[in-house]
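Here is the structure we will look at.
Letters A, B, ... mirror the listed sequences (proteins, then strands); counts begin at 1. What you are looking at is a predicted structure, and each value in this text was computed from that prediction instead of being measured.
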There are 2 protein chains.
Amino acid sequence: MKLFIRVMKALSDPNRVRVIKMLGAKELCVCEVRQLIGLAQSTVSKHLKILEEAGLVTYRKEGSWIIYRLTQGEESEYARVMLRNLKGWLTDDPELQEMLDKTSQIDRERICAA
Amino acid sequence: MKLFIRVMKALSDPNRVRVIKMLGAKELCVCEVRQLIGLAQSTVSKHLKILEEAGLVTYRKEGSWIIYRLTQGEESEYARVMLRNLKGWLTDDPELQEMLDKTSQIDRERICAA
DNA sequence: TCACTATATCGCCATATGGCAATATGGTGA
DNA sequence: TCACCATATTGCCATATGGCGATATAGTGA
């Protein structure tokens, strides 16, 4: 029950759902997410942690960047099924569509000066 | 997005998930739910409203009882898919199992004196 | 080492949520 | 009509949540 609730809570916030959809298009470092979603860095970091603890996203380090991507739901059936559902869901939301356009265009080198 | 979030929020509370699982076994009036779940009547009523607004449950009147049951997700793909998933999920949760046993045994006439 | 960048964590605040008791509403049956 | 039952709504409280700025941590590169 606890794990299920954790996944549902993680998906109960529109900004976190936006992050999931963005990461569905392309893996992103924290400052790219911050740019795309327009929240404070600390807020983005908190959201990513919640998604990670639900088994929905994972990350790797690359230099001083931390690059997040969706998981395959290896840790949680709930995460796996919800990620699969979300691929098909919300595809006609215009605000999300615009965000996804920006996501595919974004250039990490330009946004996060290295 | 709003509808999706509404479904996720509805499923983010363990007591509401318990109600869903109970109603998956059998339709129930509010006082039966109250008995099974052990919360105040006003709290149960509030939870049922949230589930209803998410398109997960519906109700009919029968005398002075209001009898709730799961929907078929006619109103919402999100509700439909989640209800289908939930049928298979949490089936080995011992605390839920016990509640489901009680649910199938419950006798409306005995609990809710008419 | 130092300055700089990226990220995480902390402390705070406003609002949302889940709980209850009390009250309102509406049907039942004498 | 009146008393009673089931349910919904309201008002209140404690805790959770989502937001931010400030600070801590850690890597980079001079």
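Contacts of A:R16 with the nucleic acid, taken as non-hydrogen atoms under 4.0 Å apart, involve only primed sugar atoms and P, OP1 or OP2.
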Candidate pair B:E62 and B:R60, rule salt bridge (Lys or Arg N to Asp or Glu O under 4.0 Å), full reasoning: CA-CA 7 Å; B:E62 192 161 297; B:R60 69 174 194 280; 2.9 Å; yes

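A:L39 places its CG atom 16 Å from the C1' atom of C:dA8, with the value rounded to the nearest Å. Whole-Å rounding puts the B:I66 CD1 to D:dA6 P distance at 12 Å. Across the protein-nucleic acid pair, B:W65 atom CH2 and D:dA8 atom C1' stand 18 Å apart, rounded to whole Å. Atom CD of B:E62 and atom P of D:dA6 are 14 Å apart (whole Å). Computed from coordinates, the A:I67 CD1 to D:dA26 P distance equals 19 Å when rounded to whole Å. The separation between B:E32 atom CD and D:dC5 atom C1' is 15 Å, rounded to whole Å. Rounded to an integer number of Å, the gap from B:Q41 CD to C:dC20 C1' is 11 Å. Following rounding to the nearest Å, A:I111 (CD1) and C:dT5 (C1') show an atom-to-atom distance of 15 Å.
One hydrophobic cluster, built from ILVMFWY side chains closer than 4.5 Å, holds both A:L86 and B:M8. Cluster membership for B:L3 and B:I5, using ILVMFWY side-chain heavy atoms within less than 4.5 angstrom, is shared. Following chains of ILVMFWY side-chain contacts shorter than 4.5 Å, one can reach B:I37 starting from B:I106, so the two form part of one hydrophobic cluster. Both B:M1 and A:L56 are part of a single hydrophobic cluster, where members link through side-chain heavy atoms under 4.5 Å apart.
Residues of residues 2-9 of chain A that place a heavy atom closer than 4.0 Å to DNA chain C do not occur. Using a 4.0 Å cut-off on heavy atoms, the residues of residues 44-57 of chain B that approach DNA chain C are B:K46, B:H47, listed by number.
Candidate nucleotides C:dA21, D:dT7, C:dA8 were compared by shortest atom distance to the side chain of B:A40, and C:dA21 ranks first. For B:C112, whose side chain is taken as the heavy atoms from C-beta onward, the closest listed nucleotide among C:dA8, D:dA6, D:dT7 is D:dA6.
Nearest heavy-atom pair across B:W89 and B:M82 is CZ3-CE, 4.1 Å. Taking each heavy atom of B:V7 and B:A54 in turn, the nearest pair found is CG2-O, 3.6 Å. Closest approach of A:T91 to A:Q97, counting heavy atoms only: O-OE1, 3.2 Å.
Phosphate proximity of D:dA8 to B:Y68: present, with a side-chain N or O under 4.0 Å from OP1 or OP2. When the side-chain nitrogen and oxygen atoms of A:S64 are compared with OP1 and OP2 of D:dT28, none of them lie within a distance under 4.0 Å.
When the nearest nucleotides of DNA chain D are assigned to A:S42 and A:D13 by heavy-atom distance, the more 5′-ward of the two goes with A:D13.
B:T58 and B:T71 share no donor-acceptor pair across their side chains, judged by distance under 3.5 Å alone.
By the 4.5 Å heavy-atom criterion applied to side chains, B:R34 and B:L39 are not counted as neighbours. Between B:C112 and B:E32 there is a side-chain heavy-atom pair separated by less than 4.5 Å.
Relative ring orientation between A:Y78 and A:F4 is described as perpendicular, the plane-to-plane angle rising above 60° on a 0-90° scale split at 30° and 60°.
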Under the 3.5 Å Watson-Crick or G-U criterion, the dot-bracket string of DNA chain D, with | for inter-strand pairs: ||||||||||||||||||||||||||||||

